[in-house]
Amino acid sequence: MSRIAQTFAALKEQGKTGLVTFITAGDPAPELTVPLLHALVAGGADVLELGVPFSDPMAEGPVIQRACERALTFGVSMTDVFAQIAEFRKTNEHTPVVLMGYANPIERMGQSEFVRRAKAAGADGAIVVDYPPEECEAFAAEMKANGLDLIFLLAPTSTVERVKQVARHGSGFSYYVSLKGVTGAGGIDTADVAKRVAAIREHVKLPIGVGFGIRDAATAKSVAAVADAVVIGSRIIQELENTPKEQGPAAVRAFVAGIREALDAR
């Protein structure tokens with residue numbers, strides 16, 4: 001059982017909703033990435049998504065686009081991201097880390113080399129925005145054979161066939177995008193989310209995390225009523241943008257702790 005599967009199994013046993021948090025590797029500065037990961041865990045995050053900086057992050061809104069731009073000014077690469085995960089693993093062996101990014105850097109490296117290096121660094125899985133499930137059966141199998149989960153996005157526009165493909169090839173958890181559009185956009189219609197998550201559960205037996213548009217404790221709490229986990233990214237990046245760099249870890253720890261408290265008070 002993968003570290004992600006173990007985490008969700010423990011959450012289910014405890015009757016808790018998972019909290020998945022996102023930051024971009026290298027933002028606001030490369031030396032802060034590992035301290036930020038530890039701060040997120042200290043605040044109550046159960047799974048960490050670590051964004052791989054990319055020059056054309058098509059699914060991201062302006063907040064995470066800016067984070068990618070800042071990281072790229074430092075020259076942060078996939079190799080740097082692996083090194084940051086390995087450093088994090090020296091003092092945290094239990095919290096899953098999911099790489100989130102795009103196909104281009106993986107294709108440049110080679111899929112098998114990416115899997116090898118991700119495993120060696122201590123990563124637990126990947127979300128590759130532009131890898132549709134019907135085109136990466138072999139990659140998903142290679143990931144799984146190495147104890148890594150390939151996590152797919154589902155959206156309000158996903159067809160039943162796409163949902164079935166995710167059920168066949170995905171592992172770890174499924175990520176439901178609650179809004180049409182990009183990360184950080186708009187507000188969430190929780191009744192619609194509930195309806196669509198219920199439809200996904202007819203085919204997908206993995207835990208379901210819901211993200212895009214969760215900005216505060218109240219929204220997180222309402223989404224938690226129908227999801228196995230809530231995913232927060234843009235709002236955490238905004239905390240970093242509005243805080244002096246050296247205070248970033250403390251700021252995100254406090255913000256995440258507020259979300260965790262709301263989820264546990266359900």
Side-chain angles (χ1 to χ4, degrees), residues 18-78 80-85 87-89 91-92 95-102 123 127 129 175 177 179 181-188 209 211-220 229-263:
L19 177 54
V20 182
T21 58
F22 172 94
I23 59 170
T24 299
D27 177 56
E31 66 272 15
L32 286 178
T33 298
V34 175
L36 284 168
L37 292 174
H38 285 300
L40 292 166
V41 175
D46 299 295
V47 178
L48 302 170
E49 287 182 6
L50 186 58
V52 178
F54 185 55
S55 57
D56 185 23
M58 66 184 76
E60 317 301 351
V63 174
I64 295 179
Q65 285 182 16
R66 290 194 300 268
C68 284
E69 290 167 3
R70 289 189 293 267
L72 289 171
T73 64
F74 292 108
V76 174
S77 67
M78 185 80 82
D80 297 315
V81 178
F82 288 144
Q84 290 165 339
I85 295 172
E87 182 66 27
F88 173 75
R89 280 282 170 249
T91 49
N92 183 311
T95 305
V97 178
V98 176
L99 292 161
M100 184 166 184
Y102 294 82
I127 300 169
V129 174
Y175 186 158
V177 175
L179 302 169
V182 294
T183 56
I188 293 178
F212 284 48
I214 297 176
R215 307 187 60 78
D216 53 34
T219 313
V230 298
V231 186
I232 302 182
S234 296
R235 186 63 184 78
I236 294 171
I237 304 299
Q238 286 179 320
E239 285 292 314
L240 291 172
E241 288 186 326
N242 296 327
T243 304
K245 284 183 184 179
E246 64 277 7
Q247 297 174 22
V252 299
R253 176 178 178 171
F255 174 75
V256 170
I259 304 295
R260 177 79 266 168
E261 184 178 359
L263 294 178

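Treat the numbers as computed from the prediction; the structure is a model and nothing was measured. This chain uses plain numbering: 1 for the first residue, then up along the sequence.
For the side chain to side chain contact (heavy atoms under 4.5 Å, CB included) test, no residue two or more places apart in sequence or in another chain qualifies with Ala257. Every side chain to side chain contact (heavy atoms under 4.5 Å, CB included) that Pro30 has, sequence neighbours left out, goes to Phe74, Val76, Gln84. Not counting sequence neighbours, the partners of Thr219 by the side-chain hydrogen bond (donor to acceptor under 3.5 Å, both in side chains) test are Asp216.
Taking each heavy atom of Thr243 and Gly248 in turn, the nearest pair found is CG2-N, 4.0 Å.
Proximity of Leu36 to Leu240: side-chain heavy atoms (C-beta onward) are separated by under 4.5 Å at one or more points. With contacts defined as side-chain heavy-atom distances shorter than 4.5 Å, the pair Leu19/Val230 qualifies. Between Leu40 and Ile236, some side-chain heavy-atom pair lies under the 4.5 Å cut-off. Between Asn92 and Leu37 there is no side-chain heavy-atom pair separated by less than 4.5 Å.
Remark: side-chain polar atoms of Thr33 are paired, donor with acceptor, to backbone N or O of Gly26 under 3.5 angstrom.
Pairs of residues two or more places apart, or lying in two chains, never qualify as side chain to side chain donor-acceptor pair (under 3.5 Å) while including a residue from residues 245-254. Under the salt bridge (Lys or Arg N to Asp or Glu O under 4.0 Å) criterion, the residue pairs touching residues 27-53 are Asp27-Arg70, Asp46-Arg260, with sequence neighbours excluded. Judged as a ring-ring contact (aromatic ring centres under 6.0 Å, His included), the pairs with a partner in residues 22-52 (not counting sequence neighbours) are, in order, His38-Phe88.
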Derivation of the side-chain contact (heavy atoms from CB on, under 4.5 Å) call for Met100 and Val129: CA-CA 8 Å; Met100 184 166 184; Val129 174; 4.2 Å; yes
